[in-house]
Engineer: 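Please see the structure below; I have some questions.
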Amino acid sequence: MTRSITVLGATGSIGDSTLDLIRRNRDDWRVEVLTANGNTDKLAALAREFGAALAVCGDEGCLPALRAALAGSGIVAAGGEQALVEAAMRPVDMTVAAIVGCAGLAPVMAAAERGGTIALANKEALVAAGDVLMAAARQGGATLLPTDSEHNAIFQCLAGNRIEHVRSITLTASGGPLRTWSMEQLAAATPAQAVAHPNWDMGAKISVDSATMFNKGLELIEAWHLFPVGLDKLKIVVHPQSVIHSMVEYRDGSTLAQLGPSDMRVPIASCLAWPERMDTPCTPLDLAALGQLTFEAPDEQRFPATRLSRQAAEAGGAMPAVLNAANEVAVAAFLAGHLSFTRIAVIVEETMARYAPSAPAALAEVLAVDREARAQAQGLLETA
Ligand code: NAD
Ligand code: MG
């Protein structure tokens, strides 16, 4: 049976992995919408290849280029933030949410309110909107399938079990490329060094997040919303080989883990095929060749991000949205060469310290908090 699919963020790393799987199973899927931000050449080429009905660029200024690139194809072109939201509202069987950052929130909310099945990679949307997004998904009758490898692992380890029987959930973290660096070395880390992840090939923003450990912090908040066991039952362990993607411990002492190659096509395939399974071209695990799996506690002195993220979750309300917004601003500044690596966490902590408690109840309020926190963080960058 052919199913329809929309890929939000089709030109990125998760988009590439998703479309690779669709390409190998062309007859199973009808592509409805593909979106990007400004990379109109790649978007148009993908829209033509997959026969999409609609292609949308988030950057409205790129619409003329997208129209030109799609001329004669019969594919409708659209541009701008509202066009992304309208695209996400079109009924499809599966929406892959793979825009990076809070920019993906409004389209994810639209998909959640419509009530389809959403493969959620865009963790910043869930971190920023938290309860608002979860409530929209519940009310819309949407199914959220966690695509982030850790959350997909937990989702798989929970299948067939009751959440009340969970004693703890452990998120594994690779520790990133700078895991063993001293504070002095970290202060001098360059963008090229920070994005050179040892195990995963990802977009620039999440690669920096992996190096700072904000990725794990965001994932802690993501897990807190997806799996309601309480913050105190969520743990983090550093596991540099990225073979165990996360674990669930039950009251009887059984710990279930999900293992796999560090290739996002595995968790994406798990979402695309759910509740069935599908083939992937990924190299199977060879445990004998790997030899050893190792574990260590996170070092929150050198990498304060997980501590700050736990604090943000404990504070609740809009604090996780503030943390996320400040991190997005700081990471962009770091990638542009305007901020040192170790100052990313400082900017986040200082922005959080300026937070006036609020509990957003709707998308517009979350977006207002996001804008305000960005302005705060930007101000801190400029006065630093
Ligand atoms: P990426 O930078 O490679 O791709 C991001 C996509 O979002 C691109 O298609 C880009 O055009 C689009 N985009 C960026 N800014 C936009 C905007 N303002 N408006 C509209 N579209 C915009 O990122 P990625 O690595 O594919 O990550 C995507 C999401 O998935 C992130 O939230 C990330 O945390 C999450 N994730 C990624 C991986 C991975 O392995 N790459 C793993 C787990 C989770
Ligand atoms: Mg992850």
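First listed ligand is number 1; within each ligand, the first listed atom is number 1. Computation of the quantities below employed the complete heavy-atom set of this structure, encompassing side-chain atoms and omitting hydrogens, waters and symmetry-equivalent molecules.
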Engineer: For Asp279, does the CG atom have more than 12 heavy-atom neighbours from other residues, nucleotides or ligands under 6.0 Å away?
Structural biologist: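 Counting other residues, nucleotides and ligands, CG of Asp279 stays at 12 neighbours or fewer.
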Engineer: Which residues pass the ring-ring contact (aromatic ring centres under 6.0 Å, His included) test with Tyr250, not counting sequence neighbours?
Structural biologist: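 With sequence neighbours excluded, Tyr250 shows a ring-ring contact (aromatic ring centres under 6.0 Å, His included) to no residue whatsoever.
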Engineer: Kindly write out the residues that satisfy ring-ring contact (aromatic ring centres under 6.0 Å, His included) with His225, not counting sequence neighbours, or none if the list is empty.
Structural biologist: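 His225: no ring-ring contact (aromatic ring centres under 6.0 Å, His included) contacts found.
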Engineer: With Leu54, which of Arg90, Glu86, Glu32 fulfils side-chain contact (heavy atoms from CB on, under 4.5 Å)?
Structural biologist: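 Checked Arg90, Glu86, Glu32 against Leu54; only one passes side-chain contact (heavy atoms from CB on, under 4.5 Å): Arg90.
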Engineer: Run the salt-bridge test on Asp16 and Lys42 with the 4.0 Å N-O cut-off and return the result as yes or no.
Structural biologist: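 Salt bridge flag = yes for Lys42 with Asp16.
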Engineer: For the aromatic rings, using the six-membered ring if either is Trp, is the centroid distance between Trp224 and His151 under 6.0 Å?
Structural biologist: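 Ring centroids of Trp224 and His151 are no less than 6.0 Å from each other.
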Engineer: Under 4.0 Å between a Lys/Arg side-chain N and an Asp/Glu carboxylate O for Arg307 and Glu349?
Structural biologist: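 A salt bridge links Arg307 with Glu349.
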Engineer: Between Glu328 and Arg374, is there a side-chain N and carboxylate O pair less than 4.0 Å apart?
Structural biologist: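 The answer is yes: the pair qualifies as a salt bridge.
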Engineer: Kindly tell me which protein residues have any non-hydrogen atom under 4.0 angstrom away from an atom of ligand 1, grouped by chain and ordered by number?
Structural biologist: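 Within 4.0 Å of ligand 1, the protein residues are Gly9, Ala10, Thr11, Gly12, Ser13, Ile14, Ala36, Asn37, Leu84, Ala98, Ile99, Val100, Ala103, Ala121, Asn122, Lys123, Glu124, Asp148, Met202, Gly203, Ile206, Met264.
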Engineer: Return the number of protein N, O or S atoms with a distance to the Mg ion (ligand 2) smaller than 2.8 Å.
Structural biologist: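 Considering protein N, O and S only, the Mg ion (ligand 2) has 3 within range.
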Engineer: Are the charged groups of Glu49 and Arg23 less than 4.0 angstrom apart, N to O?
Structural biologist: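 Salt bridge: yes.
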